[in-house]
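Have a look at the structure below, then the notes.
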Amino acid sequence: MEALATSAPVAARRVAPTPIGTTGAVIGELILVLWAALLGFLLAWYEPDWHSPAPYLLALLQTHLYTGLFITAHDAMHGVVSPNKRLNNALGTLAAGLFAFNWFPGMLAKHHAHHRHVGTQDDPDFHDGRHPGFLPWFLRFAWNYVTWWQVLLMAATYNVLKLFFPQANVIAFWMIPAVLATLQLFFFGTYLPHRGEHAVDNLHKSRSQFRHHLWAFVSCYFFGYHYEHHDQPYLPWWRLWRTKNTD
């Protein structure tokens, strides 16, 4: 299932940084629009037949778009959504906020600490050295990132939404996809790449999925190519696959 390479250093293909122009902003805005449009439809007009696979597939699609929100915010942390810093940070702030009220400026500092101190006690994404299993590590990860303000805002938003839309739809298409996307991002973007021992010359303490572009996109917007991301953080997610191409 995980299809990860070994912990030895990965011979990542170098992709020279090139201007992103307006492409990154357009892609980020498209994800935002698709997420909002599908959510609006699912909350306001969709009448799910829970005995058919359709609502479950739609929930998974909404989960994928939720993940895209976070990936857009993540790229903004690296300044690769737009060369216009104000637009880059605005899209990052909006995408992070729509994903369960994450606060972009706070996430920014922690994410760069992850890159600087990957796999050490100073890495906010890493486990504490005593609880490397999936669930304990995830709980520590959540403790480092989730704030009481987020919890209160999510609770308040849920109670407002259910006044206007069917409660089942709010749970199935707004709440559950956010939880599933959080688990997806942690599993494919933190747990699988960084767990276990790494070779001493693996500077990024990261593994990488084997080359399979379709699966890499579906699973986590190419962030299973994780060694490559740490090695070339100037690449936006939609260019990351190029590091796996063979000449």
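Source: prediction; values computed, not measured. Nothing fancy with the numbering, it's 1 onward along the sequence.
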* What do the steps show when you test Arg239 against Thr18 for side-chain contact (heavy atoms from CB on, under 4.5 Å), and what is the final call? -> CA-CA 10 Å; Arg239 283 183 177 164; Thr18 54; 2.9 Å; yes

* Asked: When rounded to the nearest 0.5 angstrom, what is the spacing between OG1 in Thr22 and CG in Asn84?
  -> 11.5 Å

* Structure fact -> In short, Ala181 meets Thr67 closest at the heavy-atom pair CB-OG1, 3.4 Å

* **Side-chain H-bond candidate by donor/acceptor type, His204 with His226, under 3.5 Å** => no

* Asked: If we only count heavy atoms from C-beta on, is the Phe222 to Phe188 side-chain gap below 4.5 Å?
  -> no

* To do: Rounded to the nearest 0.5 Å, what's the gap from CG on Asp123 to NE2 on His194? Could you check?
  => 7.0 Å

* To do: Identify which one of Arg242, Gln209, Gln232, His213 satisfies the side-chain hydrogen bond (donor to acceptor under 3.5 Å, both in side chains) criterion when paired with Tyr225.
  => His213

* Asked: Just by modelled atom types, is the Thr93 backbone N or O under 3.5 Å from a matching donor or acceptor in the Asn89 side chain?
  -> no

* Asked: Should the heavy atoms of other residues, nucleotides or ligands under 6.0 Å from CH2 of Trp149 be counted, would the total exceed 12?
  -> no

* Asked: side-chain contact (heavy atoms from CB on, under 4.5 Å) between Phe210 and Lys244: does it pass, once the steps are laid out?
  -> CA-CA 8 Å; Phe210 291 116; Lys244 286 289 193 178; 5.8 Å; no

* To do: Mind listing the closest non-hydrogen atom pair of Leu39 and Trp174 along with its distance?
  => CD2-CD1, 3.9 Å

* To do: State the CZ-OG1 distance between Phe70 and Thr182, to the nearest 0.5 angstrom.
  => 8.5 Å

Atom pairs and distances, donor-acceptor, side-chain atoms in residues 160-172, under 3.5 Å, two or more places apart:
unit_1, atom_1, unit_2, atom_2, d
Lys162, NZ, Asn159, OD1, 3.4
Gln167, NE2, Tyr158, OH, 2.5
Asn169, ND2, Leu42, O, 2.8
Asn169, ND2, Tyr46, O, 2.9

* Hey, quick one: are Tyr56 and Ile176 part of the same hydrophobic cluster, counting side-chain heavy atoms closer than 4.5 Å, chains of contacts allowed? -> yes

* Is Leu185 linked to Val146 within one hydrophobic cluster, defined over Ile, Leu, Val, Met, Phe, Trp and Tyr using a side-chain heavy-atom separation of less than 4.5 Å? -> no

* Asked: Between Arg207 and Tyr227, is a side-chain contact (heavy atoms from CB on, under 4.5 Å) present by the stated rule, with each step listed?
  -> CA-CA 5 Å; Arg207 295 178 180 81; Tyr227 181 95; over 6 Å; no

* **Electrostatic pair Arg14:Asp231 at N-O distance under 4.0 angstrom** => yes

* Is there a side-chain contact between Leu32 and Leu91, using heavy atoms and a 4.5 Å cut-off? -> yes

* Structure fact -> Interatomic distance, CH2@Trp238 vs CD1@Ile27, rounded to 0.5 Å, equals 5.0 Å

* In terms of the angle between their ring planes, are Phe141 and Tyr145 parallel, tilted or perpendicular, with boundaries placed at 30° and 60°? -> tilted

* Asked: What is the minimum heavy-atom distance between Met154 and Ala100, and which atoms define it?
  -> SD-CA, 3.5 Å

* Point-to-point distance, once rounded to the nearest 0.5 Å, from CZ of Phe101 to OG1 of Thr157 -> 3.0 Å

* Asked: When rounded to the nearest 0.5 angstrom, what distance separates CD in Gln150 from CG in Leu152?
  -> 10.5 Å

* Asked: Considering only heavy atoms from C-beta outward, does the side chain of His111 approach that of His78 to under 4.5 Å?
  -> yes

* To do: Determine, using ring centers only, whether Phe186 and Phe134 are less than 6.0 Å apart.
  => yes

* To do: Please check if the side chain of Asp75 supplies one atom and the backbone of Val81 the other of a donor-acceptor pair under 3.5 Å.
  => no

* Determine the interplanar angle of the Tyr221 and Phe217 rings, folded into 0 to 90°, and report it as parallel if under 30°, tilted if 30 to 60°, perpendicular if over 60°. => perpendicular

* Asked: So, for Tyr191 and Trp137, is the gap between ring centers shorter than 6.0 Å?
  -> yes

* Please check if the side chain of Asp122 supplies one atom and the backbone of His117 the other of a donor-acceptor pair under 3.5 Å. => no

* Given the rule in the ring pair (Phe, Tyr, Trp, His ring centres under 6.0 Å) test, do His74 and Phe223 qualify, once you have shown the distances and angles that lead to the verdict? -> CA-CA 11 Å; His74 167 272; Phe223 269 84; 4.6 Å; yes

